[in-house]
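For reference, the structure is listed below as structure tokens.
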2 protein chains.
Amino acid sequence: MKVLIVSAHPDPRSLTNALRDVAVEQLRADGHEVQVSDLYAMNWKAAHDRDDFPQMGSDEAMHLPFASMNAMADRAFSEDIIAEQDKALWADALILAFPLWWFSVPAILKGWIDRVWMAGVGYQISGERYGAGRMAGKRAMVMVMVGGGESYFSDRGVNGPIEDLLFPINHGMLYYPGYSVLPPYILHKTDRMEQERFDEAAEQVRERMRTLFTIAPIPYRPQAEDYTERKFELKDEFLADAPAGFARHIRPQA
Amino acid sequence: MKVLIVSAHPDPRSLTNALRDVAVEQLRADGHEVQVSDLYAMNWKAAHDRDDFPQMGSDEAMHLPFASMNAMADRAFSEDIIAEQDKALWADALILAFPLWWFSVPAILKGWIDRVWMAGVGYQISGERYGAGRMAGKRAMVMVMVGGGESYFSDRGVNGPIEDLLFPINHGMLYYPGYSVLPPYILHKTDRMEQERFDEAAEQVRERMRTLFTIAPIPYRPQAEDYTERKFELKDEFLADAPAGFARHIRPQA
């Protein structure tokens, strides 16, 4: 199979990059083809702006969805965007590897999402999304390095549950374009990593790579099945048993 | 009083910028001093990297919190970072004005948080945070332009509740450094804005500016009071009545 790993750490010797390389090595050993987009090494442009649309008139209003839809038919996007779209479309699985900075992805990785997920790739004019869309049939997962300990991110931890903090990424940036999203790989207390803990983490990453195409994805609810048509609200029949919060958008498992 | 508005839209004629200007005008009419950081107009650098630490050795490991703590005493940060820190420290209130892109802030604004919230400003070595910290006593609020309709972001909407999607920003990026965080100003269905709806929105923004220093903030739970000391978990005495999800971190109101 084919895998794209997008990584986002400024230091080539960082833990993020070290575990990314462990992932690449295991995937290749298992016979997969791998491409890596190291956003810092590529000097990836983070800010989405007018230059992303080479055919846009200089006095044309720049409203992200409309600009994107107007450019879609001709793929009139800047070359760096097209190159990344092609990698994502080529890959059967996408992995985002990053440190959690201020409870989200680093800016440079947000800029990859903002710019690469243009109309026709990240979303469809037809409105297919959340379980449908261009990326349907592909898998995605995040590998996240978290400075704080597990308890700070537990269901009573002061930062909020890590699963909920990752919801805007897993559900909003990955499931929305159609990916089947795998449970995240999360490593805590990454401010200090002794060799033994690194070796343990590396083995966990290898295991996640061996099972990349076999483990069950998070059973998010498909928009076309579980939500009403116009308002996109969870159907009455599912509401009674559904928990509060983001967990509502995951199908209960038998 | 003094107010800093940080805005993040690439088009000078955007709705984000138009409502930001309405806010500036009202604040000045009410006698406040206002500074504006228009991140696109400033060509703000989004990606946090080695250049942010002018004194860092070229072979020194770049781990965000340690690099930041090492540079803190001398404020050995790049000039653009220091300028923004000074504005934020000068202001009694901070307003972030942005379009919701992929369920979070645009990359350029994430880059403002990633880079400006260095040690000594965004967080303290002493560990004071969430209701304490350098920004304690100051107010913050977000003004968010949302393409989708309200129902998509309701407590049963397919995107998840807007309050929860904003939690990593309001709680994680603003309350953490110490700000009292005000209820967000959220405008939906911004893909098409007729003059009448714009006029209504402008009046809402003016009202929010008139009450910027008087309305009650979101009653997030202070870390020092409501959480245990080492594990930073919600104390037992508050857990029984607390709802699930992020709402757990808001004190119930009488």
Side-chain angles (χ1 to χ4, degrees), chain A residues 10-11 13-14 39-40 44 46-50 61-66 99 101-108 110-111 113-114 117 122 130 147 149 151-152 154-161 164-165 167-168 171-173 176 191 221 223 227 231-234 239 243-249, chain B residues 10-11 13-14 39-40 44 46-50 61-66 99 101-108 110-111 113-114 117 122 130 147 149 151-152 154-161 164-165 167-168 171-173 176 191 221 223 227 231-234 239 243-249:
Chain A
D11 190 336
R13 296 153 307 171
S14 61
L39 298 181
Y40 277 96
W44 177 255
H48 175 53
D49 63 18
R50 191 168 288 271
M62 200 201 137
H63 185 83
L64 174 63
F66 295 150
W101 283 355
W102 294 102
F103 309 103
S104 187
V105 294
I108 200 170
K110 182 57 170 35
I113 297 288
D114 286 348
W117 280 181
Y130 291 126
S151 69
Y152 320 163
S154 74
D155 64 356
R156 59 195 289 190
V158 67
N159 294 332
D164 287 350
L165 291 166
F167 183 89
H171 187 263
M173 303 179 199
Y176 186 112
D191 286 345
R221 295 178 180 278
Q223 176 176 292
Y227 300 84
K231 296 183 126 189
F232 304 119
E233 291 181 319
L234 190 63
L239 196 63
F246 289 144
R248 180 162 285 184
H249 302 286
Chain B
D11 191 336
R13 298 153 305 171
S14 61
L39 298 181
Y40 277 96
W44 178 256
H48 175 52
D49 62 19
R50 192 169 287 271
M62 201 202 136
H63 185 84
L64 175 62
F66 294 150
W101 283 355
W102 293 102
F103 308 103
S104 187
V105 293
I108 201 170
K110 182 56 172 34
I113 297 288
D114 286 347
W117 280 180
Y130 290 126
S151 69
Y152 320 163
S154 74
D155 64 355
R156 60 195 287 190
V158 67
N159 295 331
D164 287 349
L165 291 166
F167 183 88
H171 187 263
M173 303 178 200
Y176 186 112
D191 286 345
R221 296 178 180 278
Q223 175 176 292
Y227 299 84
K231 295 183 127 190
F232 304 118
E233 291 181 319
L234 190 62
L239 196 62
F246 289 144
R248 180 162 286 184
H249 302 285

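Each chain gets a letter, A, B and so on, in the order the sequences are listed, and its residues count up from 1.
At a threshold of 4.5 Å between non-hydrogen side-chain atoms, the residues B:Met62 and A:Ser14 do not count as touching. A 4.5 Å side-chain heavy-atom check between A:Phe103 and B:His171 finds every atom pair outside the cut-off.
Put simply, the side chain of B:Arg156 gets close to the backbone of A:Leu234: a donor and an acceptor are under 3.5 Å apart. The backbone N or O of B:Val105 lies less than 3.5 Å from a partner atom in the side chain of A:Lys110, making a donor-acceptor pair. Side-chain N or O atoms of B:His249 include one that pairs as donor or acceptor with a backbone N or O of A:Gly157 at under 3.5 Å.
Between chain A and the options B:Arg50, B:Met173, B:His63, B:Gln223, the largest number of non-hydrogen pairs under 4.5 Å is found for B:His63. Listed options B:Tyr40, B:Phe167, B:Trp101, B:Trp44 were ranked by heavy-atom pairs under 4.5 angstrom with chain A; first place goes to B:Trp101. Residue with the most contacts toward chain A among B:Gly245, B:Ala244, B:Gly147, B:Ser104: B:Ser104 (heavy-atom pairs, distance under 4.5 Å).
Both the backbone and the side chain of B:His48 come within contact range of chain A, with heavy atoms under 4.5 Å apart. For chain A, the nearby parts of B:Trp117 are the backbone and the side chain; heavy atoms of each come within less than 4.5 Å. Using a 4.5 Å cut-off between heavy atoms, B:Tyr152 contacts chain A through both its backbone and its side chain. Only the side chain of B:Leu239 comes within contact range of chain A, with heavy atoms under 4.5 Å apart.
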Dump the intermediate steps for side-chain hydrogen bond (donor to acceptor under 3.5 Å, both in side chains) on B:Tyr176 and A:Asn159, then the final yes or no.
CA-CA 9 Å; B:Tyr176 186 112; A:Asn159 294 332; over 6 Å; no
